[in-house]
Engineer: 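The structure's right below; bear with me while I get my questions together.
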Amino acid sequence: MKGGTPQEIRRHHLGAVLRQVHLTGPISRAALANRLGLNRSTILALTTQLTAAGLVYEGASGSTGRAGRPSLVVRPESDRWYVLAFDVAVDRLVAARVVLGGAVLERREAARRRSRYADLDEVVGVLAGFGRALVDAAPRSARCVGVGVSYCGLIRAADGMVRLAPNMGWTDLDFAPALSGQLGLGLPVTVGNEAHLSALAEHERGAGVGHRNLVYLHGDVGVGGGIIVGGKLLDGDDGYGAELGHMIVNPHDGRPCNCGSQGCLEAEVGEAALLEAAGRVGGPVGRDGVRAIVEAAENGDAAARKALDRVGDWLGIGVANLINLFNPGAVVFGGTLGEIYQGAAPRIHARVAASVLPVSQERAQLRTSALHDDATLVGAAELAFRCLLADPLDALARITA
């Protein structure tokens, strides 16, 4: 951190050390110094302060090293601090207790009816019940330090309001205050777009680790997206950036989209398009429906194969456009798009090979999510930890006051 007062610089460095321990797990002081560009005496002072606050501790690495003495590593105090993470998807509600260090220790899940009406009260009631149960089940010595929610819609960055969810009927709803009030923990609830949070999760803990630039495509009923540029999320002025599902790929005779346009990527590669092309409307939907088509295609079902090829072709066109625009090191497919990618990879790769600039093809890797169905939940947890990791001591002072 350049500039700032000594106190501001120290706060920044404390957050950087805690974040590194949170993301990487056990790490030596020497490795921390190397990764953060700080000298060892500074790292010692910072880890000592974080240890005194009960956020980290030093213990044996489990390896004796060359001289026969166990080396010490810094570890997160996972038994003492945790967050509640929620995922609001079209057809399911998930809650989990995630500890400092990122481990998901407990979870609750419930089915959600697909509906085009605003079921705010039902969703808040279920999630609040899950949250209270998770807090009650946690060790008495553990403390909740944040609440994060992944939501499948457009979220206003300033206050977390759900501005629009075309597949769910939610428009301009103050979801976060409603859930915070029902939980009764005295903690604010922070809400983020599911694909944005998944992109961050994959970048920090999944298939995008080591890439400064990546594109993440998420499939549920619709298609969402997240873009990391230079290690940071591309979110737009109000938080509505990277709505990749509403990139127009077929403007002349495209399928109608729930957003009111036609020929959107979502309309051409989403669940409805795949089910219709495979002749399976009225059958299983969601992840089960998509997986059934992929499995049928693998087993020689001609209709399923034709449907996957069609959807894969349009998905390849969208991916080619994104690679040409952003020159990412990785394109990650998550949610149901991970299933579709596995079933239609040859078509997608063929489109990329035919349409992407050769220099941009050199590094771009196409991958499925390493976090699988937990990407949204992991992203929500990281959102909940954000304040603690940004300014550890100040955050603890407010939480424990």
Side-chain angles (χ1 to χ4, degrees), residues 167 195 207 214-227 242-259 261-281 283-287 289-328 330-358 360-369:
N167 295 306
L214 72 87
V215 171
Y216 175 84
L217 284 159
H218 185 82
D220 199 341
V221 172
V223 172
I227 298 174
E243 276 295 319
L244 306 185
H246 299 290
M247 173 175 59
I248 304 298
V249 295
N250 187 13
H252 299 300
D253 57 356
R255 292 167 50 87
C257 182
N258 284 331
C259 74
S261 186
Q262 71 176 53
C264 294
L265 183 65
E266 174 176 310
E268 302 297 345
V269 310
E271 176 189 304
L274 181 63
L275 293 174
E276 183 178 310
R280 296 190 176 220
V281 176
V285 297
R287 290 173 291 181
V290 171
R291 288 169 183 167
I293 294 173
V294 174
E295 290 173 3
E298 291 173 349
N299 292 326
D301 185 305
R305 170 47 54 199
K306 184 177 180 181
L308 270 176
D309 285 347
R310 180 191 183 281
V311 166
D313 201 39
W314 285 117
L315 185 54
I317 290 172
V319 169
N321 287 335
L322 292 168
I323 293 175
N324 281 333
L325 278 169
F326 295 102
N327 183 214
V331 177
V332 181
F333 301 90
T336 56
L337 284 185
E339 309 280 346
I340 290 172
Y341 172 76
Q342 290 176 330
R347 281 296 181 108
I348 296 169
H349 282 272
R351 274 293 183 183
V352 169
S355 305
V356 173
L357 294 168
S360 294
Q361 287 188 46
E362 292 173 354
R363 294 177 60 86
Q365 302 175 20
L366 274 57
R367 301 176 173 179
T368 55
S369 166

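Hydrogens, waters and symmetry mates are skipped; everything else that's a heavy atom, side chains included, is used.
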Engineer: Test side chain to side chain contact (heavy atoms under 4.5 Å, CB included) on Val269 and Val223; report intermediate values, then the result.
Structural biologist: CA-CA 8 Å; Val269 310; Val223 172; 3.8 Å; yes
Engineer: Can you check whether Pro251's main-chain N or O pairs, donor with acceptor, with Gln262's side chain at less than 3.5 Å?
Structural biologist: yes
Engineer: Would you check if Val331 and Leu322 make a side-chain contact, meaning some heavy-atom pair closer than 4.5 Å?
Structural biologist: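 They are not in side-chain contact.
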Engineer: Is a side-chain donor or acceptor of Glu268 paired with a backbone partner of Arg255 at a separation under 3.5 angstrom?
Structural biologist: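 Yes: the side chain of Glu268 pairs with the backbone of Arg255.
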Engineer: Taking all non-hydrogen atoms of both residues, which atom of Ile293 and which atom of Ala278 are closest, and how far apart?
Structural biologist: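 Closest approach of Ile293 to Ala278, heavy atoms only: CD1-CB, 3.8 Å.
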Engineer: Quick one: side chain to side chain contact (heavy atoms under 4.5 Å, CB included) partners of Arg351, sequence neighbours excluded?
Structural biologist: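 Partners of Arg351 by the side chain to side chain contact (heavy atoms under 4.5 Å, CB included) criterion, ordered by chain and then number, come out as Asp313, Ile317.
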Engineer: Under 3.5 Å, side chain of Gln361 to main-chain N/O of Ala353, donor-acceptor pair present?
Structural biologist: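 Confirmed, Gln361 side chain pairs with Ala353 backbone.
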Engineer: Any side-chain heavy atom of Cys264 within less than 4.5 Å of one from Ile248?
Structural biologist: yes
Engineer: Any side-chain heavy atom of Leu308 sitting closer than 4.5 Å to one from Leu274?
Structural biologist: yes
Engineer: Name all residues meeting the side chain to side chain contact (heavy atoms under 4.5 Å, CB included) criterion together with Ala296; count only those two or more places apart in sequence or in a different chain, and write none if there are none.
Structural biologist: Arg280, Asp301, Ala304
Engineer: Tell me every residue that passes salt bridge (Lys or Arg N to Asp or Glu O under 4.0 Å) with Arg367, counting only those two or more places apart in sequence or in another chain.
Structural biologist: none
Engineer: Can you find a heavy atom in the side chain of Leu217 that is under 4.5 Å from one in the side chain of Leu265?
Structural biologist: yes
Engineer: Drop me the distance from Asp220's CG to Glu266's CD, to the nearest 0.5 angstrom.
Structural biologist: 10.0 Å
Engineer: Looking at every non-hydrogen atom in both residues, tell me the closest pair between Ser355 and Ala320 and how far apart they are.
Structural biologist: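 The pair with the smallest heavy-atom distance is CB-CB, 3.8 Å.
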Engineer: Measuring only between side-chain heavy atoms, which start at C-beta, is Leu244 closer than 4.5 Å to Val215?
Structural biologist: yes
Engineer: Considering residues at least two apart in sequence or located in another chain, which fulfil the side chain to side chain contact (heavy atoms under 4.5 Å, CB included) criterion with Leu357?
Structural biologist: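 So Leu357 forms a side chain to side chain contact (heavy atoms under 4.5 Å, CB included) with Asn324, Val359, Ser360.
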Engineer: Measure the spacing between NE2 of His246 and SG of Cys257 and express it to the nearest 0.5 Å.
Structural biologist: 5.0 Å
Engineer: Not counting sequence neighbours, which residues clear ring-ring contact (aromatic ring centres under 6.0 Å, His included) with Tyr341? List them please.
Structural biologist: Phe333, His349
Engineer: What's the shortest heavy-atom distance between Val294 and Gly343, and which atoms?
Structural biologist: CG1-CA, 4.1 Å
Engineer: Between Glu339 and Arg291, is there a donor-acceptor pair closer than 3.5 Å when you use the side chain of the first and the backbone of the second?
Structural biologist: no
Engineer: Looking at Glu271 and Gly286, would you say the former's side chain and the latter's main chain have a donor-acceptor pair under 3.5 Å?
Structural biologist: yes
Engineer: Partners of Ser369 by side chain to side chain contact (heavy atoms under 4.5 Å, CB included), sequence neighbours excluded?
Structural biologist: Glu202, Val332, Leu371, Ala375
Engineer: For the atom pair CG (Leu315) and CG (Leu366), what is the distance rounded to the nearest 0.5 Å?
Structural biologist: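 These two atoms lie 8.5 Å from each other.
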